[in-house]
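Below: the structure, in structure tokens.
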2 protein chains.
Amino acid sequence: MKYTEAKEELIQAWGNLGYSWGLNKTMAQIHALLMISPKPLSTEDIMDELSISRGNANMNIRALLDWGIISRISIAGERKEYFKSEKDIWALARQVAKERRKRELEPILKVLREVNDVQADGTEEAKEFKKVVKELKNFAEKSDGLLETFIKAEESWFWNNLLKLMK
Amino acid sequence: MKYTEAKEELIQAWGNLGYSWGLNKTMAQIHALLMISPKPLSTEDIMDELSISRGNANMNIRALLDWGIISRISIAGERKEYFKSEKDIWALARQVAKERRKRELEPILKVLREVNDVQADGTEEAKEFKKVVKELKNFAEKSDGLLETFIKAEESWFWNNLLKLMK
DNA sequence: CTAAACTTTCAATAGTTATTGAAAGTTTTT
DNA sequence: AAAAACTTTCAATAACTATTGAAAGTTTAG
């Protein structure tokens with residue numbers, strides 16, 4: 001397989017995966033592009049490589065900055081801004097986990113805690129409801145704790161411990 | 001907080017969470033509804049409770065069956081089909097993990113393996129590319145292994161081991 | 001200060017995904 | 001066999017999300 005072909009395919013595939021990580025397609029593609037690029041790219045470079053408009057490029061670059069998975073850098077003697085991605089996959093995964101925890105897990109935990117205080121009038125529905133909420137809450141809290149460990153962990157420590165489980 | 005209000009809020013919140021687990025909003029809401037219901041519900045019940053159309057209900061029920069997280073049951077002496085959800089959150093999480101692994105992780109692994117054989121012509125781009133792909137592949141394979149362990153694990157065993165890590 | 005170089009915004013629109021509901025299909029009952 | 005009870009499909013459309021590109025905004029250089 002030739003390089004340009006492989007590059008194309010990886011960017012495509014990463015676009016899909018990124019999507020399921022909570023990014024959108026273009027965001028993930030820009031990220032893939034920056035990740036495999038040995039040097040930082042400008043907005044214009046990105047527009048060209050992915051054939052997207054200026055506005056689209058700008059918006060998604062900003063979103064990536066917002067997620068904290070790419071960074072802005074300036075090159076001496078140049079006006080343009082360049083961007084580079086975090087290349088350490090582990091750091092990337094941690095960052096994504098952190099954002100998703102904030103955006104997804106925290107809100108549901110809040111609701112579960114609220115809803116946990118529901119008045120149990122005598123009905124069977126209400127009783128079942130309480131039971132399910134309690135379990136969900138327990139599960140969500142465990143997951144939250146685990147995520148936190150993941151986010152704070154050192155790569156090698158984490159995998160070493162985890163790999164022990166996997167045998 | 002009153003029961004009906006709490007129920008409403010939980011279904012809403014679960015809808016959002018489900019969405020980020022790869023289900024769609026209605027799918028997740030139907031699931032939430034079945035999860036808190038002490039007895040199985042018919043398509044009609046679901047339509048009423050969530051105020052959705054027959055077609056929509058039918059499609060999403062089928063998708064949930066497809067994911068293997070709800071099941072069809074019949075009640076003696078009744079024509080209608082009823083549905084109930086798996087109530088064990090752990091089992092649910094495993095099922096979701098299994099489906100997502102198939103739908104998301106496997107495709108990217110395939111691409112990474114393919115793309116790993118790229119011809120390294122001398123360019124710096126190609127060199128960087130190979131390096132990144134190698135790391136991604138390594139990460140994805142580790143994640144795959146971990147997911148597999150999760151999918152096959154017993155609840156208590158898994159959490160007990162994991163909780164040790166979390167301290 | 002003004003022009004040039006670059007970035008950001010945003011209304012218009014294209015593209016995608018979800019939803020409806022009536023019609024067609026299936027199974028069961030009489 | 002016909003009617004009743006129920007399920008599934010699917011074309012139309014509504015709702016939502018992504019993208020464009022021109023205009024407005026900002027920063028730097030001369």
Side-chain angles (χ1 to χ4, degrees), chain A residues 11-12 14-34 40-67 70-84 99-100 103-104, chain B residues 11-12 14-34 40-67 70-84 99-100 103-104:
Chain A
I11 289 176
Q12 220 47 43
W14 200 249
N16 294 339
L17 186 69
Y19 195 79
S20 66
W21 279 27
L23 316 185
N24 77 25
K25 199 188 79 193
T26 306
M27 232 174 126
Q29 288 182 344
I30 294 177
H31 179 256
L33 186 61
L34 290 173
L41 302 178
S42 68
T43 302
E44 212 116 335
D45 295 335
I46 292 168
M47 286 164 58
D48 287 358
E49 287 269 5
L50 301 178
S51 313
I52 59 175
S53 72
R54 189 172 293 286
N56 195 9
N58 185 273
M59 269 188 54
N60 283 295
I61 288 170
R62 188 120 59 74
L64 285 165
L65 289 168
D66 209 60
W67 275 70
I70 69 172
S71 50
R72 219 187 267 279
I73 64 171
S74 4
I75 291 185
E78 288 233 37
R79 287 277 294 276
K80 260 188 222 151
E81 290 185 320
Y82 287 79
F83 303 94
K84 72 168 204 281
E99 287 294 329
R100 293 195 66 177
R103 289 166 205 233
E104 295 161 15
Chain B
I11 289 176
Q12 219 48 42
W14 200 249
N16 294 337
L17 186 69
Y19 195 79
S20 66
W21 279 27
L23 317 186
N24 77 24
K25 200 187 80 195
T26 306
M27 232 173 126
Q29 289 183 343
I30 295 177
H31 178 256
L33 186 61
L34 290 174
L41 302 178
S42 69
T43 302
E44 211 118 335
D45 295 335
I46 292 168
M47 286 165 59
D48 286 357
E49 287 268 6
L50 301 178
S51 314
I52 60 175
S53 73
R54 188 171 295 284
N56 195 10
N58 185 273
M59 268 189 55
N60 283 294
I61 287 169
R62 188 121 57 75
L64 285 165
L65 289 168
D66 208 59
W67 276 70
I70 69 172
S71 51
R72 220 186 266 278
I73 64 172
S74 7
I75 292 187
E78 288 233 35
R79 285 276 295 276
K80 261 191 220 146
E81 290 185 321
Y82 286 79
F83 304 94
K84 72 167 204 280
E99 286 295 328
R100 294 195 65 177
R103 289 165 205 232
E104 295 162 16

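Chain letters run A, B, ... following the sequence lines, proteins first, then strands; residues in each count from 1. What you see below is based on every heavy atom in this structure, not just the backbone, and it leaves out hydrogens, waters and symmetry mates.
When the side-chain hydrogen bond (donor to acceptor under 3.5 Å, both in side chains) test is applied to Thr43(A), no partner is found at least two apart in sequence or on another chain. A search for side-chain hydrogen bond (donor to acceptor under 3.5 Å, both in side chains) contacts involving Tyr19(B) returns nothing, not counting sequence neighbours. In this structure, Ser71(A) has no side-chain hydrogen bond (donor to acceptor under 3.5 Å, both in side chains) partners at least two apart in sequence or on a different chain. In this structure, the salt bridge (Lys or Arg N to Asp or Glu O under 4.0 Å) partners of Glu49(B), at least two apart in sequence or on a different chain, are Lys7(B). Residues satisfying the salt bridge (Lys or Arg N to Asp or Glu O under 4.0 Å) test with Arg79(B), not counting sequence neighbours, are none. Residues satisfying the side-chain hydrogen bond (donor to acceptor under 3.5 Å, both in side chains) criterion with Glu104(A), sequence neighbours excluded, are Arg100(A), Ser20(B).
Within a heavy-atom distance below 4.0 Å of DNA chain C, the residues of residues 51-59 of chain A found are Arg54(A), Gly55(A), Asn58(A). Residues of residues 74-81 of chain B having a heavy atom closer than 4.0 Å to DNA chain D, listed by number: Arg79(B), Lys80(B), Glu81(B).
Going from atom CD1 of Ile46(A) over to atom C1' of dT8(C) covers 15 Å, rounded to whole Å. Going from atom CG of Asn24(A) over to atom P of dT16(C) covers 14 Å, rounded to whole Å. The CG-P distance, from Leu50(B) to dT19(C), rounds to 11 Å in whole Å. Atom-to-atom, CD of Glu44(A) to P of dC6(C) comes out at 8 Å; the value is rounded to the nearest Å. In this structure, CE of Met47(A) is placed 10 Å from P of dT7(C), rounded to the nearest angstrom. The CG atom of Asn60(A) sits 15 Å away from the C1' atom of dT7(C) (whole-angstrom rounding). The separation between Leu64(A) atom CG and dA18(D) atom P is 13 Å, rounded to whole Å. Summarising the geometry, the separation between CE on Met27(A) and P on dT17(D) is reported as 15 Å, rounded to the nearest angstrom.
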Residues 26-33 of chain B, side-chain donor-acceptor partners within the protein, below 3.5 Å, at least two apart:
unit_1	atom_1	unit_2	atom_2	d
His31(B)	ND1	Trp14(B)	NE1	3.1

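Within the 4.5 Å cutoff, no side-chain heavy atoms of Tyr82(A) are placed close to those of Arg72(A).
Atom CG of Leu34(A) sits about 7.5 Å away from atom CD1 of Ile61(A), to the nearest 0.5 Å.
Look at Thr26(A) and you'll find a side-chain N or O under 4.0 angstrom from OP1 or OP2 of dT19(D).
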